[in-house]
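All residue numbers in this chain count up from 1 along the given sequence. What you see is a predicted model; the values in this text were computed from it and never measured. Read the numbers this way: they start at 1 and go in the same order the structure lists the ligands and their atoms.
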Amino acid sequence: LGLGLGLTHGRTSGGIKDTFLKRCQKFNDLNCQNVWDAFQRAYINRDPCTVTTDAYDPFIEAVSFKSQCNRGLLWSKTKEVAHSFSQKRDCLVTLEDTPLGAILNDLTWCGKQGSDETFTSGCPGYSACDNNTVRSYWKRASAAFADTACGDVSVMLSGSIQTPFDPNSIFASIEVKRLRSPKVRRLNVVLVVEKNAVTNCTNGSLKNLQNVLDAGIGYGCKEVTRDQIDKCSSDPEIACGACW
Ligand code: DVN
């Protein structure tokens with residue numbers, strides 16, 4: 001295993017570049033070699049704990065975004081259910097359905113001082129340091145995605161935890177702050193309640209969410225079961241607006 005793949009020293013730079021380019025090429029309007037070059041410039045030859053969100057600005061610019069009026073779907077602690085819905089129905093779009101999210105979803109990468117390579121193992125863990133190469137990327141990409149939101153925005157939160165609106169999440173600390181009235185009209189919380197639900201739309205953290213929303217942005221919350229979401233994902237006859 002790993003023979004010929006350059007894995008001996010934790011290097012799979014061929015591997016991640018191939019994955020990156022393959023994913024990128026699905027988006028026809030991108031010059032993927034330029035996009036890869038801009039991406040690499042953020043972290044190459046740097047200590048992997050010193051990559052700031054700003055370092056990704058040139059990459060973000062190279063991958064321009066369409067705005068997502070009335071279709072933006074944010075999520076927090078609901079990664080799997082949010083994507084299972086957005087991948088089947090085109091009425092809601094997550095960051096991971098756009099190039100910035102799709103190209104890097106589930107990948108790990110970092111650089112090293114004195115090297116021009118991309119490493120995919122031996123990188124510091126997500127919470128190991130503030131300016132973590134991968135975490136800084138998701139913060140920056142999430143900010144860019146939230147900036148494109150307009151009209152009605154949806155967010156799937158989890159009813160299986162005590163604090164569905166977690167102040168430490170990217171949703172709370174980055175995305176919500178960038179939703180501005182009047183461009184964004186309303187935030188609709190879809191609180192995903194499974195059999196093990198511990199809370200509902202009266203949850204205290206959701207009160208905090210309403211309090212931090214920009215004045216003028218409307219708010220709604222609905223408790224929706226996983227079954228309802230799955231039914232709607234798999235039945236295109238159900239109008240999206242009637243899903244919940
Ligand atoms: O709205 C979404 C989307 O736009 C996104 O980029 O930001 C929002 C989701 O971020 P969030 O609000 O912080 O939600 P989560 O569920 O707390 O974390 C999101 C993701 O960050 C996780 O799914 C993790 O990705 P992974 O490991 O499944 O590829 C990652 N993450 C968070 N904490 C982590 C972590 N990865 C590793 N270790 C951790 N401690």
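- Of the heavy atoms in S127, only side-chain atoms (C-beta onward) come closer than 4.0 Å to ligand 1.
- Y126 carries R135 over the face of its six-membered ring, with the cationic atom under 6.0 Å from the centre and within 45° of the normal.
- Side-chain N or O atoms of N200 include none that pairs as donor or acceptor with a backbone N or O of E223 at under 3.5 Å.
- The proximity of L74 to ligand 1, defined as any non-hydrogen pair under 4.0 Å, involves the side chain as well as the backbone.
- There is no protein heavy atom closer than 4.0 angstrom to atom 27 (O) of ligand 1.
- Short contacts between ligand 1 and D106, defined as distances under 4.0 Å to a heavy atom of the residue, involve ligand atoms 29 (O).
- Shortest non-hydrogen contact noted between L73 and A82 is CD2-O, 3.9 Å.
- Counting protein heavy atoms only, atom 20 (C) of ligand 1 is closest to W75 CH2, 3.9 Å.
- Closest protein heavy atom to atom 12 (O) of ligand 1: S76 OG, 2.8 Å.
- Closest to atom 6 (O) of ligand 1 among all protein heavy atoms lies S142 OG, 2.7 Å.
- Nearest non-hydrogen protein atom to atom 4 (O) of ligand 1 is E175 OE2, 2.6 Å.
- We find that D106 and K79 are joined by a salt bridge, their nearest charged nitrogen and carboxylate oxygen being less than 4.0 Å apart.
- Y126 CE2, 3.5 Å is the protein heavy atom nearest to atom 32 (C) of ligand 1.
- Under 4.0 Å is where a charged nitrogen must lie from a carboxylate oxygen, and between E175 and K139 no such pair does.
- Per the SG-SG cut-off, C150 and C69 are bridged by a disulfide [distance under 2.5 Å].
- Residue contacts with ligand 1 for F171 involve both N, CA, C or O and side-chain atoms from C-beta outward (heavy atoms, distance under 4.0 Å).
- Salt-bridge formation is not detected for the pair K231/D227: no Lys NZ or Arg NE/NH1/NH2 atom is positioned less than 4.0 Å from an Asp or Glu carboxylate oxygen.
- Salt bridge annotation for D214-R180: present, with a cationic side-chain nitrogen under 4.0 angstrom from a carboxylate oxygen.
- Using a 4.0 Å threshold on non-hydrogen atoms, atom 9 (C) of ligand 1 counts as touching the protein.
- Of the protein's heavy atoms, I170 N, 2.8 Å lies nearest to atom 13 (O) of ligand 1.
- Between W109 and Y137, the distance from one ring center to the other falls under 6.0 angstrom.
- The protein non-hydrogen atom at the shortest distance from atom 23 (O) of ligand 1 is K79 CD, 3.3 Å.
- The protein atom (non-hydrogen) at minimum distance from atom 17 (O) of ligand 1 is K77 NZ, 2.8 Å.
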